[in-house]
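Note that the coordinates shown come from a computational prediction; the quantities given were computed from them, not determined experimentally.
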Amino acid sequence: MIYAFVKKGSFQDSVSLMLISRKLSASQGVDEVSVMMGTPANKALLEATGFWHSDFATATPNDICAAIRTHEEMPEIVDVIRTSLENELNSIAQGQSGGQHLQKARRWESSLQKMPDANLLLISIAGEYAAELAQQGLDDGKNVMLFSDNVPLEQEIALKKSARSKGLLVMGPDCGTAMVAGAPLAFANVLPKGSIGVIGASGTGIQELTSQIALLHQGVTHALGLGGRDLSAEVGGISALSALEMLAADNQSKVLAFVSKPPAESVRLKVLAAMKSIAKPVVALFLGSRPEKRHEGNVWLASSLAEAAQLTVMLANVEEIATNQPNVAERKILGLYAGGTLAAEAAMLLADQIGAETDKHHHQGIMLNAQGHKLIDLGDDAYTVGRPHPMIDPTTRSLEILKLANQPEVGVLLLDVVLGYGACDDPAFAVVEAVNQVRAARKNQHPLVVIATVTGTQQDPQPRAEQIDALINGDIVVMNTLQEAVLLAHHLITRQPSHQQNAIPPLLQGVKVINAGLRSFAQDLQTSGCPVVHYQWAPVAGGNQHLAALLKKLN
């Protein structure tokens with residue numbers, strides 16, 4: 001049996017009604033209760049799911065339709081459910097008035113009056129009404145985040161074209177996750193502040209990527225969502241291009257990360273070209289495609305979320321450390337390694353960065369000699385004839401380091417410090433001693449950046465932490481991996497001084513939100529300290545399209 005009633009003129013958001021439906025379905029004698037607003041789409045859904053009742057025929061989008069399914073005849077259940085529904089709605093109303101005061105407005109114009117400098121409209125109303133409200137926000141100069149789904153494709157395209165022409169951003173439709181200037185928009189995690197800007201056509205992709213970044217002890221500036229269809233052939237990545245331009249202009253975002261579900265190939269190439277035009281490292285993850293190259297220029301291509309997070313954090317670490325190093329641009333790199341395999345890998349990594357080939361013959365221990373850069377394995381036989389291996393006695397390397405006093409063209413020295421049984425008692429001391437002598441001889445006009453990696457554990461005879469402390473106290477940079485060390489070296493000799501201060505997009509300087517739809521989104525924003533006005537949106541003229549059209553003409 002289906003019993004039903006209509007509550008007139010009481011607009012509620014769909015999530016609240018779904019939660020109420022679940023509670024009322026637990027009532028005694030009831031199989032299931034479905035409570036929905038009387039929109040055309042919801043009416044169709046009620047009919048398709050077997051909850052249709054003739055009383056719903058005259059319900060408007062501003063009315064609540066309640067359908068009750070029972071096994072037996074029990075007409076009295078209508079009054080029971082009606083009372084329960086009223087209690088639930090009263091609870092919502094009481095929840096609204098409790099706690100910190102949330103600014104509310106019943107009309108769009110009132111929302112603007114309460115927060116005239118709002119720069120973002122967050123929409124989570126039914127999809128059939130969302131585009132019209134989004135366009136209203138764009139026309140009034142607001143960026144838009146469309147949490148709403150079921151927005152027609154042609155409306156999405158029109159909205160994004162309109163936004164781009166106005167210098168605004170549309171995130172969505174069906175954009176579930178974003179975080180701008182610390183403000184959580186819809187689904188969002190609590191993230192540490194950092195130097196990584198994230199863009200995603202994937203809500204959970206953004207959440208997983210940013211969470212992994214946080215677990216790797218880095219932080220995020222902003223996370224801009226695009227909606228799952230943005231990189232389709234039809235939409236053409238309109239919002240992706242706008243988001244890249246915004247984060248490219250943001251001085252706080254030193255490294256960018258981009259994640260999307262499988263894109264259209266033509267759009268992937270267009271977005272990739274836009275990434276390459278940015279003077280920042282970008283890590284791109286296009287799910288569904290297997291990158292043939294590790295990186296193309298400034299763009300690093302990942303094949304999984306975990307790899308994208310690791311690459312992004314590594315590049316951010318390199319950027320942060322480079323900021324505090326002296327200018328050695330256009331100087332050369334010398335690598336003096338005690339470990340042969342370490343020298344070989346460092347040579348391979350540097351060759352990849354500068355577009356050169358490693359030395360296949362290793363004459364005199366030379367693993368790479370290209371473009372003035374040289375990496376040498378000092379454990380090669382050429383250096384151990386009649387002398388101990390440099391891991392045992394560091395004298396050979398110290399003598400090579402001292403030669404740098406007369407080689408001002410070398411701006412970066414790469415080396416390893418290998419610990420363990422059989423190795424030198426204090427290899428860090430030998431390195432620091434030689435480097436100090438070189439720096440004293442070269443003086444400040446010819447700075448030398450020394451970048452080391454340490455191989456060994458805290459349980460070795462030369463405890464790792466103490467060796468690292470000695471190096472750092474000797475003004476030597478210690479990196480976690482050879483890849484980080486080589487990337488930093490290459491970055492230092494190729495970086496260009498930045499003379500231009502970008503105009504940071506207003507949205508990224510601080511978010512002020514008008515929230516239409518789910519009240520909980522407004523409450524979350526308020527809790528996070530973000531200024532917000534909750535626009536208690538309801539269909540114009542109770543959903544009467546003819547009357548709404550007349551009112552629009554009058555306005």
Side-chain angles (χ1 to χ4, degrees), residues 7-17 37 39 60-64 89-148 151 159 163 166 168-173 175 178 180-181 183-186 506-507 510-544 547-548 550-552 554-555:
K7 179 175 174 57
K8 302 292 289 183
S10 177
F11 185 83
Q12 300 292 327
D13 65 72
S14 57
V15 173
S16 296
L17 293 183
M37 299 308 302
T39 65
T60 74
N62 210 27
D63 302 334
I64 294 176
L89 294 177
N90 288 335
S91 295
I92 291 175
Q94 290 169 6
Q96 293 172 27
S97 61
Q100 189 179 0
H101 175 69
L102 176 65
Q103 282 201 93
K104 296 185 282 289
R106 290 194 175 277
R107 299 173 62 244
W108 174 248
E109 291 75 13
S110 302
S111 302
L112 296 178
Q113 289 170 0
K114 288 178 181 289
M115 190 174 286
D117 55 348
N119 54 11
L120 180 73
L121 170 59
L122 172 55
I123 299 174
S124 54
I125 63 174
E128 59 200 288
Y129 302 106
E132 183 176 354
L133 178 58
Q135 187 60 60
Q136 193 169 26
L138 292 173
D139 291 342
D140 284 319
K142 316 302 177 192
N143 298 278
V144 172
M145 177 171 171
L146 268 169
F147 180 86
S148 308
V151 175
L159 287 171
K166 300 172 188 293
L168 300 170
L169 177 67
V170 169
M171 297 182 279
C175 177
V180 182
L185 299 163
L507 179 66
V511 180
K512 295 185 177 181
V513 180
I514 295 175
N515 176 70
L518 289 174
R519 189 176 295 103
S520 61
F521 288 169
Q523 291 167 333
D524 287 342
L525 284 164
Q526 188 174 52
T527 301
S528 73
C530 175
V532 57
V533 170
H534 179 56
Y535 171 27
Q536 296 174 294
W537 180 89
V540 176
N544 185 314
L547 185 54
L550 291 175
L551 289 172
K552 191 173 182 180
L554 288 174
N555 289 331

Enquirer: Please round to the nearest 0.5 Å and tell me the distance separating atom CD of Q536 and atom NZ of K104.
Expert: 6.0 Å
Enquirer: Would N515 and Q526 count as a side chain to side chain contact (heavy atoms under 4.5 Å, CB included) if you check the C-alpha gap in whole Å, the side-chain angles of each, and the deciding distance to 0.1 Å?
Expert: CA-CA 11 Å; N515 176 70; Q526 188 174 52; over 6 Å; no
Enquirer: Heavy atoms only: give me the nearest V151-P173 pair and the separation to one decimal.
Expert: CB-CG, 3.6 Å
Enquirer: Once salt bridge (Lys or Arg N to Asp or Glu O under 4.0 Å) is applied, do any residues pair with K114, and if so which ones, sequence neighbours excluded?
Expert: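 By the salt bridge (Lys or Arg N to Asp or Glu O under 4.0 Å) rule, K114 matches no residue at all.
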Enquirer: Which side-chain N or O atoms in residues 115-128 pair as donor and acceptor under 3.5 Å with protein atoms at least two apart or in another chain?
Expert:
from	atom 1	to	atom 2	distance (Å)
D117	OD2	K512	NZ	2.5
N119	OD1	K512	N	2.9
N119	ND2	G510	O	2.8
S124	OG	A516	O	3.4
S124	OG	L518	N	2.6

Enquirer: Measure the CE-CG distance between M37 and N62 for me, rounded to the nearest 0.5 Å.
Expert: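 Interatomic distance, M37 CE to N62 CG, rounded to 0.5 Å: 5.5 Å.
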Enquirer: Taking it one step at a time, do V532 and L102 satisfy side chain to side chain contact (heavy atoms under 4.5 Å, CB included)?
Expert: CA-CA 8 Å; V532 57; L102 176 65; 4.0 Å; yes
Enquirer: Do P184 and L525 come within less than 4.5 Å of each other through their side chains, counting heavy atoms only?
Expert: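 Yes, side chains in contact.
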Enquirer: For L159 and Q135: C-alpha separation, side-chain torsions, deciding distance, then whether side chain to side chain contact (heavy atoms under 4.5 Å, CB included) applies.
Expert: CA-CA 6 Å; L159 287 171; Q135 187 60 60; 3.6 Å; yes
Enquirer: Measure the spacing between CZ of R106 and OH of Y535 and express it to the nearest 0.5 Å.
Expert: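 With rounding to 0.5 Å, CZ (R106) is 11.0 Å from OH (Y535).
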Enquirer: When rounded to the nearest 0.5 angstrom, what is the spacing between CG in L133 and CG in L138?
Expert: 9.5 Å
Enquirer: Please identify which of these residues, V511, V180, L169, meets the side-chain contact (heavy atoms from CB on, under 4.5 Å) condition with N143.
Expert: L169
Enquirer: So, D140 and Q136: side-chain donor and acceptor under 3.5 Å apart, yes or no?
Expert: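 Judged by distance alone, the side chains do not pair up.
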Enquirer: If the plane angle is over 60° it's perpendicular, under 30° parallel, otherwise tilted; pick one for F147 and F521.
Expert: perpendicular
Enquirer: Between A186 and M145, which heavy-atom pair has the shortest distance, and what is it?
Expert: CB-CE, 3.7 Å
Enquirer: Have D524 and T527 got a donor and an acceptor in their side chains that come within less than 3.5 Å?
Expert: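 Absent: no donor and acceptor within the cut-off.
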